[in-house]
J.: 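Please read through the structure below; I'll follow up with questions.
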Amino acid sequence: MSETPLNGRKERRPDWAALLIAIALAVLAGVIAWDASTLRVTANYSGIGPQTFPYVVAAFLFILAIWTVFEAVRGEFPEREHDEIGPIAWIVGGLAAQMMLLNVAGFSIATGLLFAATARGFGQRKFYLSIPIGIGLSYVVWVLFAKLLQLSLPAGPLENLLFK
């Protein structure tokens, strides 16, 4: 016996992951709309103020949530690839390390370690190359933002050693 119905089509099942994403989009739209409604705004002559753009974003997110529900129920999302946990763990671990080390080690070292962990997640196994390259690139970014653009990025021992 075949598993296809009499009409010859495969039975569609809802995509539960897409339904969860639709729910998350609708909740995010609601939070943005609620937050915009709490803004204390004085009236201006045009009627467009700081509340307008958040309401527009919330409306688009809500429309996207409804669209995602329809697509999930129709079951026509393409099949997703299998996730490999190893590379994801390296990248998430690098982000966690950067967040923990940012105020202690400074921007260059923390972001350089994130660079190396992300490179490892993408297959680069030579930490002796990726760590110094990442720290060097991050230091250049720190100099551009902190010294030339006068933006505040956390300075650590490396930044304090070279810029006293």
J.: Which residue is it: V73, I66, T68? I am looking for the one with a side-chain contact (heavy atoms from CB on, under 4.5 Å) to F70.
T.: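 With F70 as partner, side-chain contact (heavy atoms from CB on, under 4.5 Å) holds for just one option, I66.
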J.: Answer with yes or no whether the side chains of T111 and Q98 bring together a donor and an acceptor at under 3.5 Å.
T.: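 There is such a pair (donor and acceptor under 3.5 Å, judged by atom type) between the side chains of Q98 and T111.
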J.: Do side-chain atoms of E84 reach the backbone of G86 as a donor and acceptor pair under 3.5 angstrom?
T.: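 No, the answer is negative, given that no donor and acceptor are paired below the 3.5 Å cut-off.
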J.: Indicate, with yes or no, if L61 and F53 share a hydrophobic cluster defined by side-chain heavy-atom contacts under 4.5 Å among Ile, Leu, Val, Met, Phe, Trp and Tyr.
T.: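 Yes, it is one cluster - the side chains of F53 and L61 are joined through contacts under 4.5 Å.
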J.: So, applying side-chain contact (heavy atoms from CB on, under 4.5 Å) with L137, which one of V141, I135, I133 is it?
T.: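 Of all the options given, the one that passes is I133.
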J.: Minimum heavy-atom separation for A72 and A18, please, with both atom names.
T.: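 Reported closest heavy-atom pair: CB-CB, 3.6 Å.
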J.: Rounded to the nearest 0.5 Å, how far does NZ of K147 lie from CG of L162?
T.: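 Interatomic distance, L162 CG to K147 NZ, rounded to 0.5 Å: 11.0 Å.
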J.: Identify the two heavy atoms, one from A29 and one from F62, that lie closest to each other, and give their separation to 0.1 Å.
T.: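 Closest approach of A29 to F62, heavy atoms only: CB-N, 3.8 Å.
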J.: Tell me if the CZ atom of F145 is crowded by more than 12 foreign heavy atoms within 6.0 Å.
T.: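 Count not over threshold, so no.
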J.: Other residues, nucleotides and ligands only: do more than 12 of their heavy atoms fall within 6.0 Å of CZ on F127?
T.: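 For F127, atom CZ is crowded (more than 12 foreign heavy atoms under 6.0 Å).
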J.: Side-chain heavy atoms under 4.5 angstrom apart, residues restricted to Ile, Leu, Val, Met, Phe, Trp, Tyr: same cluster for L39 and I32?
T.: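 No, L39 and I32 fall in different hydrophobic clusters.
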J.: Using only atom types and a distance under 3.5 Å, with no angle test, would you say the side chain of E159 pairs donor to acceptor with the backbone of Y139?
T.: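 Not a single qualifying donor-acceptor pair exists.
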J.: Is there a continuous path of hydrophobic side-chain contacts, each under 4.5 Å between heavy atoms, that joins L113 to I91?
T.: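 Different clusters.
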J.: If hydrophobic clusters are built from ILVMFWY residues whose side chains come within less than 4.5 Å, do I88 and F122 share one?
T.: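 No, no single cluster joins them.
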J.: Supply the atom-to-atom distance W142 CH2 to L151 CG, rounded to the nearest 0.5 angstrom.
T.: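 The distance works out to 12.0 Å.
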J.: Tell me the closest heavy-atom pair linking V104 and P157, and the distance in Å.
T.: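 Scanning both residues, the minimum pair turns out to be O-CD, 4.1 Å.
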J.: How long is the straight-line distance from CD of Q124 back to CZ of F115, given to the nearest 0.5 Å?
T.: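 It comes to 8.5 Å.
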J.: If you measure from CD on E71 to CG on L19, what distance do you get to the nearest 0.5 Å?
T.: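 Nearest 0.5 Å value for the CD-CG distance: 11.5 Å.
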J.: Give the minimum heavy-atom separation between S138 and S108, together with the two atoms involved.
T.: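 Taking every non-hydrogen atom into account, CB-O, 3.5 Å.
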J.: Can you give me the closest heavy-atom contact between L102 and F107, atom names plus distance?
T.: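 Minimum heavy-atom separation between L102 and F107: CD1-CA, 3.9 Å.
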J.: Quick check on the hydrophobic clustering: are I21 and W67 connected, directly or via other members, by side-chain heavy-atom contacts under 4.5 Å?
T.: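 I21 and W67: one cluster.
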J.: Does any N or O in the side chain of D35 come within less than 3.5 Å of the main-chain N or O of V31, such that one atom is a donor and the other an acceptor?
T.: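 Checked: no pair found.
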J.: If I compare all heavy atoms of L95 with all of L114, which pair ends up nearest, and what's the gap?
T.: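 Minimum heavy-atom separation between L95 and L114: N-CD1, 3.5 Å.
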